[in-house]
Amino acid sequence: MSSQKIAIVSVYDKTGLLDLAKGLAQQNVRILASGGTARMIRESGFPVEDVSAITKAPEMLAGRVKTLHPAVHAGILARNLESDEKDLADQNINKVDYVICNLYPFKDTVAKVNVSIPEAVEEIDIGGVTLIRAAAKNHKRVTILSDPNDYAGFLSELEKGEISDSSRNRYALKAFEHTADYDAAISEFFRKEYAGSGDQHMALRYGANPHQKPASAYTANQQLPFKVLSGSPGYINLLDSLNAWPLVKELKEALGKPAAASFKHVSPAGAAIGLPLTPEEKKVYFVNDIEGIDSSPLAQAYARARGADRMSSFGDVIALSDIVDVPTASIISKEVSDGVIAPGYEDAALEILKKKKGGKYLVLQIDPDYTPGPIETRTVYGVTLQQHRNDAEISPKSFTTIITPKDAGALPESAARDLTVATITLKYTQSNSVCYAVNGQVIGLGAGQQSRIHCTRLAGDKADNWWMRFHERVLGIKWKKGTKRPDKSNAIDLLVSGQLPKDGAEREAFEAVFEQIPPPFTPEEREAWMKQLSNVCVSSDAFFPFIDNVFRAARSGVKYIAAPSGSQNDGAVFETAEKLGVTFVQQNTRLFHH
Ligand code: 93A
């Protein structure tokens with residue numbers, strides 16, 4: 001066997017090839033190259049042989065078979081083992097020491113407009129991938145260069161003698177990344193061509209904004225877990241749906257009742273389980289005309305989820321835990337909404353929903369048994385981030401560590417229930433987040449604030465507004481005929497939030513919707529009414545760093561707080577709760593969500 005080192009060179013991108021050939025020749029390395037590569041080296045006057053010198057077979061099938069041959073691959077894959085060496089000797093094959101290869105430009109080809117499948121197919125490199133994979137597999141002995149940028153470093157190391165283990169390892173890693181990226185591009189192309197629209201791949205009109213094209217949703221190894229029954233989803237619709245669905249699924253599993261969520265911009269505006277509605281609640285939630293609502297817990301859940309913060313729910317994406325019935329679809333049909341995701345639809349309910357928005361209303365059916373894999377991956381600014389999915393389970397059992405009062409027994413069932421609603425909601429809310437809940441529903445949610453007290457205030461103010469809507473002055477509003485639901489919601493929000501415009505056109509616009517203009521609330525009226533709100537539960541997605549949060553929560557009828565501990569101020573936070581008669585429960589899992 002010859003002791004001369006051997007390099008196989010087969011490159012599509014011929015950048016730096018001649019410098020490489022020169023360097024190899026200077027080190028007395030025998031160069032074997034595929035057709036075009038050999039030609040270029042030869043024309044420049046460097047010594048080179050065709051790969052056929054060792055395969056004794058010509059390139060064939062118009063280049064489809066160039067380097068695919070046992071003489072090449074046994075030479076690359078052989079280890080420094082007696083048995084491997086015997087096999088090589090039997091076949092008169094020499095070991096290959098260096099492989100230099102880069103692949104056909106599949107990505108560039110398929111990026112061209114209107115590329116045909118045969119054109120793409122011809123760019124699928126087989127022999128090159130095999131060279132790279134074989135050499136990378138045997139990197140203990142073989143050096144694989146798949147990037148022209150590495151030639152110079154390789155040659156300078158070669159001049160000094162051997163290629164080091166660490167360089168071979170690094171080149172092998174790069175080679176594996178190169179073939180993985182290449183294969184991903186091929187499967188992406190064929191996923192779009194062959195998967196069947198909606199089965200595994202879905203082209204989206206655009207991403208977060210209209211100028212962000214192209215956009216798509218896909219799964220790599222399985223079918224998409226949802227079907228589009230009507231409309232066509234946008235990128236943010238899917239972000240909402242895929243956050244809202246697990247929320248309602250978990251709420252139902254935790255509390256055993258149908259659940260609903262109303263999402264906007266990837267945070268819930270409301271979430272609830274199905275509990276019977278009082279006549280006042282029906283009025284406040286604009287559902288007193290919905291037939292059959294008293295016998296549909298799902299409709300009750302959505303009425304509560306949508307009713308919590310009607311302003312924020314405008315144009316929502318809805319998630320429902322159960323098969324959608326007619327009462328639920330009837331509520332949806334009256335509201336401005338973008339779409340719904342649920343495990344199924346009664347025929348009559350689907351008919352109602354399909355008519356919405358001139359047939360453009362988005363209706364998704366999710367496979368209720370779908371469980372995503374444990375690892376989540378996304379890229380941000382070109383960097384891939386990976387984490388274990390947040391599969392922490394929240395249930396009434398999560399609220400058994402009562403810090404204060406010290407002599408407290410177990411929480412009342414309603415408090416454990418409402419803390420569960422608030423906490424599961426936080427799990428799917430952009431952080432920081434704080435949630436107020438009562439009667440099995442969210443009543444105020446502060447999402448996406450950098451400061452915790454701002455979350456607590458925002459959510460508290462929303463809870464206050466929610467409660468003010470039950471005041472008899474609001475319940476008794478006489479609307480001008482023809483006033484639309486969103487205009488009613490806007491006017492109520494101005495009235496209850498105390499943000500009434502003083503005068504001018506703004507005031508006129510506010511007053512225009514009433515038959516009889518309701519007087520503003522005085523601070524005394526407000527205070528007296530707020531005193532009647534009680535038993536509210538608050539959950540926080542992370543610890544309270546300061547006592548101000550407890551003070552603010554207590555102003556909105558809060559009786560129970562659940563939060564993780566771990567703040568330097570824990571002691572003071574607990575003491576403040578104790579002083580205010582608030583039960584403080586340690587919820588052990590931090591629930592940041594982004
Ligand atoms: O069609 S192939 O998959 N069949 C092969 O056996 C083969 N061996 C190397 N393409 C093959 N290659 C590729 O040819 C290399 O990956 C490289 O990109 C290209 C170099 O061809 P040439 O030397 O003829 O320019």
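In this chain, numbering begins with 1 at the start of the sequence shown. Order of appearance sets the numbers: ligands from 1, and atoms from 1 within every ligand.
- Here Val129 has no heavy atoms under 4.0 Å from ligand 1, in either its backbone or its side chain.
- Listed by atom number, the atoms of ligand 1 under 4.0 Å from Thr37 heavy atoms are 22 (P), 23 (O), 25 (O).
- Protein heavy atom in closest approach to atom 7 (C) of ligand 1: Gly127 CA, 3.4 Å.
- Judged by distance alone, the side chains of Thr219 and Gln200 never bring a donor and an acceptor atom under 3.5 Å apart.
- Within 6.0 Å of atom NZ in Lys14, more than 12 heavy atoms from other residues, nucleotides or ligands are found, so the atom counts as buried in its surroundings.
- Ligand 1 has no nitrogen or oxygen under 3.5 angstrom from a nitrogen or oxygen of Cys101.
- Using modelled atom types, one side-chain atom of Ser431 and one backbone atom of His593 make a donor-acceptor pair closer than 3.5 Å.
- At a 4.0 Å heavy-atom cut-off, ligand 1 touches Val11 through the backbone alone.
- Between Tyr428 and Phe263, the ring centre distance reaches or exceeds 6.0 Å.
- Counting only N and O atoms by type, the side chains of Asp325 and Thr328 include a donor and acceptor under 3.5 Å apart.
- Counting atoms of ligand 1 from 1 in the listed order, those under 4.0 Å from a heavy atom of Leu68 are 6 (O).
- Remark: ligand 1 atoms within the under-4.0 Å shell around heavy atoms of Asn102 are 15 (C), 16 (O), 17 (C), 18 (O).
- Protein heavy atom closest to atom 19 (C) of ligand 1, with residue, atom name and distance, is Tyr104 CE2, 3.5 Å.
- The heavy-atom pair separating Tyr171 from Gly153 by the smallest distance is OH-C, 4.1 Å.
- For ligand 1, the polar-atom distance check against Ile124 finds no nitrogen or oxygen pair separated by under 3.5 Å.
- Residue-to-ligand polar distances keep Glu59 apart from ligand 1: every N/O pair is separated by 3.5 Å or more.
- Between the side chains of Tyr361 and Ser337, a donor-acceptor pair is found at a separation under 3.5 Å.
- In the vicinity of Tyr12, heavy-atom distances shorter than 4.0 Å reach the ligand 1 atoms 17 (C), 18 (O).
- Classified by interplanar angle (parallel below 30°, tilted 30° to 60°, perpendicular above 60°), the ring pair His201/Tyr218 is parallel.
- Under 4.0 angstrom from ligand 1, the non-hydrogen atoms of Val65 all belong to its backbone.
- Side-chain contact, Ser167 with Glu157: a donor N or O sits under 3.5 Å from an acceptor N or O.
- Between atom 5 (C) of ligand 1 and the options Glu122, Lys66, His69, Lys14, the minimum heavy-atom separation is to Lys66.
- Checking Ile132, Asp125, Leu61 against atom 13 (C) of ligand 1, the nearest heavy atom belongs to Asp125.
- For Glu253, the CD atom counts as densely surrounded, since its 6.0 Å shell holds more than 12 non-hydrogen atoms of other residues, nucleotides or ligands.
- At a 3.5 angstrom cut-off on N or O pairs, Gly63 counts as close to ligand 1.
- The shortest contact between atom 8 (N) of ligand 1 and any protein heavy atom is with Thr67 OG1, 2.6 Å.
- Here atom 2 (S) of ligand 1 lies nearest to Arg64 when heavy atoms of Met40, Arg39, Arg64, Met60 are compared.
- Interface atoms of ligand 1 facing Gly36, defined by a heavy-atom separation under 4.0 Å, are 22 (P), 23 (O), 24 (O), 25 (O).
- Residue Ser10 approaches ligand 1 through these ligand atoms, each under 4.0 Å from one of its heavy atoms: 9 (C), 12 (N), 13 (C), 14 (O), 15 (C), 17 (C), 19 (C), 20 (C).
- Around atom NE2 of His265, no more than 12 heavy atoms belonging to other residues, nucleotides or ligands sit under 6.0 Å away.
- More than 12 non-hydrogen atoms from other residues, nucleotides or ligands lie less than 6.0 angstrom from CG of Asp90.
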